[in-house]
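Written below as structure tokens is the structure these notes are about.
Residue numbers count from 1 along this sequence.
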Amino acid sequence: MSIKIYERKDSKALWVRITFPIGEALRCSTGTENWKEAEAWAIQKQYEVWRERNLETKSQFPNNEAIVEQSPEIETSYLWEEAVARWCEESEHLATYDESLGRFRWFDTHLRGVALADITQQKIANIASIKAKQTSKATANRNMSLLRAVLRRAADSWQWIDKAPKVSMFKVAKRRVRFLTVAEADALAKRLPEHLRDMMLFTLATGLRKSNVTGLEWSQVNLEARKSWIHPEQAKAGDAIGTPLNENAWKVLERQRGKHHTRVFTYQGKPVREVNTKAWRKALRDVGIKDFRWHDLRHTWASWLAMKGATLSELQELGGWKSPEMVQRYAHLSTDHLARTSARLDDVMNLISI
């Protein structure tokens, strides 16, 4: 089965088209204008239809009662899509919910119709290998981490399987922090369409994550006080983030006034939901910037601040990182506080005749 959510001119609510393996398709309104809610509704609807066609209809077979009486010890065999539906229902509040939906769509190709009990360590390793070849080992690890979390919950919380199989991770070498030079950022900004340019500049000025920028609402902004905030349920670490609006961040938001009654960043009157677009990728190619993701704008923000003398504790608080370890990657860029200590050697070194 596949899901497609779309807009219709004759309806304010979003519609969904669910296609079944035998070629049939179900089209109906989701009853909501919110894309996130519509996707969750569609996944639940898909699960309900699947159960109706594959599980509930089994009770109509003759002698079904006799089979149950003879084999009361037989347990229900839960499928991967059932686990996904339940996971989504329980995890909608998480800041990483949208990212998980995208990963589930990828898993759908490999695990749809597969019983949880049949997801073995070897099958997982094969799937991980496919993902690593398509993208990278680091990206494959993120997908496998989600798979592991679902299987562990199925075993420990739902008791749908006896034991979760081991999910091995690829060894990934630590990579240098990828950030832009000021010249690169300037060239990239000039190549982007206006809405993406403003979102890029706002990210460089605040360090906010992609989902927090695309989902930013006017109710989270106080232009007069020059501050904005991210609610705990919107933050990856689960803690509220207060974001002071520096001059450049404030100017970007000022340009968005009056474009939409709820959302801050829009394109042609509609909220922007995705920034990794053809326009973004084309702009990167045009200016010759390689191996760079939107999330690296956050690394750029942190790197620039570190090079301007920001302490790691200041970076942690501004960036909303959970632990100091998360900002250690920028330690080598923040050396101003060590300069005085290093200078203590000058008197000694000056005694050496050269």
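- Counting only heavy atoms from C-beta outward, the side chains of Ser228 and Asn222 never approach each other to under 4.5 Å.
- Remark: Arg191 pairs with Asp286 by the salt bridge (Lys or Arg N to Asp or Glu O under 4.0 Å) rule, at least two apart or across chains.
- Residues passing the side chain to side chain donor-acceptor pair (under 3.5 Å) test with Arg86 are Glu90, sequence neighbours excluded.
- Between Asp296 and Arg293 there is a salt bridge, since a side-chain N of the basic residue sits under 4.0 Å from a carboxylate O of the acidic one.
- Relative orientation of the Phe104 and Phe107 rings is tilted, given thresholds of 30° and 60° on the angle between their planes.
- Of the possible donor and acceptor atoms, none in the side chain of Asn248 sits under 3.5 Å from a partner among the backbone N and O of Ala205.
- A donor-acceptor contact closer than 3.5 angstrom is absent between the side chains of Ser145 and Arg142.
- Both tests pass for Arg298 against the ring of Trp321: distance under 6.0 Å to the centre and angle within 45° of the axis.
- The pair Glu33-Lys12 does not count as a salt bridge, with every side-chain nitrogen at least 4.0 angstrom from each carboxylate oxygen.
- For Gln134, the CD atom is densely surrounded, since the number of other residues' heavy atoms within 6.0 Å is greater than 12.
- By the 4.0 Å N-to-carboxylate-O rule, Arg152 lies too far from Asp156 to be salt-bridged with it.
- By the 6.0 Å contact criterion, CD on Glu317 is open, its count of non-hydrogen atoms from other residues, nucleotides or ligands being 12 or less.
- The shortest heavy-atom contact between Ala279 and Leu192 is O-CD2, 4.1 Å.
- The closest side-chain heavy-atom distance from Phe292 to Thr300 is below 4.5 Å.
- Heavy atoms only, all atoms of each residue included: Val287 and Ala187 are closest at CG1-O, 3.6 Å.
- The closest side-chain heavy-atom distance from Tyr97 to Trp87 is not below 4.5 Å.
- A side-chain donor-acceptor contact under 3.5 Å links Ser136 and Thr139.
- Aromatic rings from His195 and Tyr267 are positioned such that their centres are separated by under 6.0 Å.
- Leu216 places a side-chain heavy atom less than 4.5 Å from the side chain of Phe265.
- Using modelled atom types, one side-chain atom of Thr30 and one backbone atom of Leu14 make a donor-acceptor pair closer than 3.5 Å.
- Between the Trp218 side chain and the His260 main chain, a donor and an acceptor come within less than 3.5 Å of each other.
- Between Glu39 and Lys36 there is no salt bridge, since no side-chain N of the basic residue sits under 4.0 Å from a carboxylate O of the acidic one.
- Counting heavy atoms from C-beta outward, Met169 and Val167 have side chains that approach closer than 4.5 Å.
- Scanning all heavy atoms of the two residues, the minimum distance from Ile241 to Gly319 falls at CD1-O, 4.3 Å.
- Between Ile119 and Lys123, the shortest heavy-atom distance links the atoms CA-CD, 4.3 Å.
- No donor-acceptor pair closer than 3.5 Å links the side chain of Arg112 to the backbone N or O of Trp80.
- Between Glu7 and Lys270 there is a salt bridge, with a side-chain nitrogen of the basic residue lying less than 4.0 Å from a carboxylate oxygen of the acidic one.
- A continuous path of ILVMFWY side-chain contacts below 4.5 Å connects Val182 to Val252, so both sit in one hydrophobic cluster.
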Dump the intermediate steps for side-chain contact (heavy atoms from CB on, under 4.5 Å) on Ile5 and Trp15, then the final yes or no. CA-CA 6 Å; Ile5 298 173; Trp15 276 59; over 6 Å; no
I'd like to know whether Arg178 forms a side-chain contact (heavy atoms from CB on, under 4.5 Å) with Ile289, so could you lay out the CA-CA distance, the side-chain angles of the two residues, the decisive distance to 0.1 Å, and finally the verdict. CA-CA 11 Å; Arg178 182 71 171 94; Ile289 298 176; 3.6 Å; yes
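- Residue Lys259 qualifies as enclosed at atom NZ: its count of foreign heavy atoms under 6.0 Å is above 12.
- Checked by atom type, the side-chain pair Glu82/Trp160 shows no donor-acceptor distance below 3.5 Å.
- Considering every non-hydrogen atom in both Pro165 and Ile124, the closest pair reads CG-CD1, 3.7 Å.
- Under 4.0 Å is where a charged nitrogen must lie from a carboxylate oxygen, and between Glu247 and Arg226 at least one such pair does.
- Contact check for Leu297 versus Trp301: no side-chain heavy atoms found under the 4.5 Å cut-off.
- Residue-environment remark: NZ (Lys210) stays at or below the threshold of 12 foreign heavy atoms within 6.0 Å.
- The nearest pair of heavy atoms linking Ser168 to Gln121 is OG-NE2, 4.2 Å.
- Taking 4.5 Å as the limit, every side-chain heavy atom of Thr214 sits out of range of all side-chain heavy atoms of Glu274.
- One side chain, Ser313 or Thr311, offers a donor N or O that lies under 3.5 Å from an acceptor on the other.
- Gln220 places a side-chain N or O within donor-acceptor distance of the main-chain N or O of Glu217, the cut-off being under 3.5 Å.
- In this structure, the side chain of Trp41 does not engage the main chain of Gly31 through any donor-acceptor pair within 3.5 Å.
- Between Leu79 and Leu116 the shortest side-chain heavy-atom distance does not fall below 4.5 Å.
- Note: Trp304 and Phe179 fail the aromatic proximity criterion, with ring centroids not under 6.0 Å apart.
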